[in-house]
Amino acid sequence: MLLGVGGPGQHHTWLSPEIPGDASVDIRWYIARAQQAEAAKFDHVFIVDSQFITPDSPNHYLNRLEPLTLLSALAVHTTNIGLVGTLTTSYNDPFNVARRLASLDVISGGRAGWNVVATGDGGTAGNYGRKEHYDYATRYGRALEHVRVVQGLWDSYEDDAFPRDKERGVFFDKSRQHALNHIGEHFQVVGPLNLQRSPQGQPVIFQAGDSDEGRDLGASIAEAIFTHAQTIEEGVAFARDIRSRAAAKGRDPEHVLIVPGISPIIADTDEQAREKEAAVIGGKSFDRALKELGRPFGWHDFTQYDLDAPFPELGDLGDRSFRTHAEKIKKLAKDNDFTLRQVVEHTINSRRSPFTGSPLTVANEIQRWFEAGAFDGINLTVTVPSEFARFIDEVLPILRERGVARTEYESATLRGNLGLPVPQNIHTTAKAA
């Protein structure tokens, strides 16, 4: 996960002499990191996104490149590594999303992935001519229908639709083109899409969301799920829940991969790593954390309250934003009788990484989580290049030696490297039946 000058909680990351002040908009920085990741045989690079900011947004959010434009540039500077970008179903039309992602997939030879999000930042509505953000049910209803429409458009052409036979003068077989003619609750799309399928059939669907609605969406459409877990027990419980939901929907639960985000802190010894972690946490800005606390609540201004008074009563604030996160913060404050200051301090301290220690300790912990079933892979936050290099040079060799991490790519496509099947074209399948 390439975060340039730093995302939430990474207030001073950009001060590192290794990070250009314009890293989040410098394509050369992204190319170098993608090539660094590819040389280490990572599955994919991942670009996060949102379309609403305030002056208090994290540094990387304030000034960054649009994901698919960025990933298309990376496609021509890499060969095997997957290219995953975030696109919202709330403020995009399915046809445009289908075309842009399919283009990236064809350009890259089958390495594209789509991180599906139902926008949480309520302020985005104002950037798209709406007076208010969609409610929770509408956001997730749109998301499910949106993805189904996009997948239908990706099957507009069967794989043999273009013979391109110059001897017979046959470029195109009209019987292999299929309009969608979708009419649903949220979208009406005729189709067909004017682009063939890639070698992996369709881009891989990623998703992130911890609410009940989010988990149901992931179980319905996702092939890999980005999540967060502080303990093995949390990770195992999440994986079991998602796979149980997927099986109930008639899907193969083994085709839903669990990929939590981690930020390892590595030093020569465990003690030095803990000191390094304490310095990172101690160096965070309380004022920035206080302002960032407002994001799950629609960027509510918490600076107006007494820091040492009980956490303010917020009613249903956050219901149209990041509801699950907002509810967790409210519950934390209520269950512990926390003041606003204590909530902010807890937020700062809760970002401790379970993967802190010497290279051997970090490798052992990754293997322990993996073998316990807490995840299928890890989504590594990348900012300072030398920290990323340390993981590559000192942790990965241990995991490779143990057979936990690959030594070479298995495929030239993202699906192939993730061990996911190529989805059959629905029209070809229907004919075979």
Side-chain angles (χ1 to χ4, degrees), residues 1-15 19 21-26 47-67 69-70 85-92 115 117-136 139 208-211 228 261 283-307 311-330 332-333 340-341 343-348 350-351 381 383:
M1 181 165 61
L2 308 182
L3 285 177
V5 294
Q10 299 176 329
H11 308 134
H12 302 303
T13 297
W14 71 280
L15 294 175
I19 299 178
D22 63 351
S24 294
V25 292
D26 183 355
I47 305 299
V48 300
D49 195 37
S50 63
Q51 298 182 73
F52 175 74
I53 57 171
T54 77
D56 299 314
S57 293
N59 294 335
H60 176 67
Y61 291 17
L62 291 169
N63 187 27
R64 58 178 165 181
L65 299 171
E66 189 278 323
T69 308
L70 165 57
T86 299
L87 286 176
T88 175
T89 58
S90 302
Y91 296 102
N92 277 303
N115 179 39
V117 297
T119 291
D121 275 321
T124 310
N127 291 333
Y128 286 86
R130 291 183 56 86
K131 292 183 179 180
E132 64 177 5
H133 191 33
Y134 299 105
D135 62 38
Y136 223 70
R139 279 162 53 193
D210 196 35
S211 66
H228 291 280
K284 292 183 178 181
S285 165
F286 181 92
D287 290 342
R288 287 292 296 273
L290 174 64
K291 292 172 181 176
E292 285 181 5
L293 184 69
R295 189 184 184 211
F297 301 92
W299 285 104
H300 183 64
D301 181 11
F302 280 98
T303 65
Q304 62 185 295
Y305 302 106
D306 180 350
L307 286 172
F311 190 79
E313 289 291 333
L314 301 173
D316 61 0
L317 195 66
D319 278 6
R320 285 182 180 255
S321 295
F322 295 94
R323 188 179 74 183
T324 304
H325 190 184
E327 287 177 348
K328 284 182 178 179
I329 293 171
K330 293 176 188 176
L332 170 75
L340 175 57
R341 185 189 303 277
V343 168
V344 176
E345 289 173 345
H346 182 276
T347 301
I348 291 173
S350 68
R351 296 185 184 274
T381 300
T383 52

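Just so it is clear, the values below take in all heavy atoms, side chains as well, and ignore hydrogens, waters and symmetry mates.
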side-chain hydrogen bond (donor to acceptor under 3.5 Å, both in side chains) with Thr347: which residues, sequence neighbours excluded?
-> none
Output yes when Asp49 and Arg64 qualify as a salt bridge under the 4.0 Å nitrogen-oxygen rule, no when they do not.
-> yes
Could you state the interatomic distance from OH (Tyr91) to CZ (Arg139), rounded to the nearest 0.5 Å?
-> 8.5 Å
Kindly say whether the aromatic ring centers of Tyr128 and Phe52 come within a distance under 6.0 Å.
-> no
Taking everything shown except Glu313 itself, do over 12 heavy atoms lie less than 6.0 Å from its CD?
-> no
Can you name the residues that form a side-chain hydrogen bond (donor to acceptor under 3.5 Å, both in side chains) with Glu66, not counting sequence neighbours?
-> Thr69, Arg100
side-chain hydrogen bond (donor to acceptor under 3.5 Å, both in side chains) evaluation trace for Asp301 with Thr303 | CA-CA 6 Å; Asp301 181 11; Thr303 65; 2.4 Å; yes
Check Leu3 against Ser24 and note the closest heavy-atom contact, atom names and distance.
-> O-OG, 4.0 Å
Nearest atoms (heavy-atom pairs only) where Pro67 meets Val48 = CG-O, 4.4 Å
Under the side-chain hydrogen bond (donor to acceptor under 3.5 Å, both in side chains) rule, collect the residues that match up with Asp26, sequence neighbours excluded.
-> Arg28
Identify the two heavy atoms, one from Tyr134 and one from Ser90, that lie closest to each other, and give their separation to 0.1 Å.
-> CE1-O, 3.3 Å
Mind listing the closest non-hydrogen atom pair of Leu293 and Phe297 along with its distance?
-> O-CD1, 3.4 Å
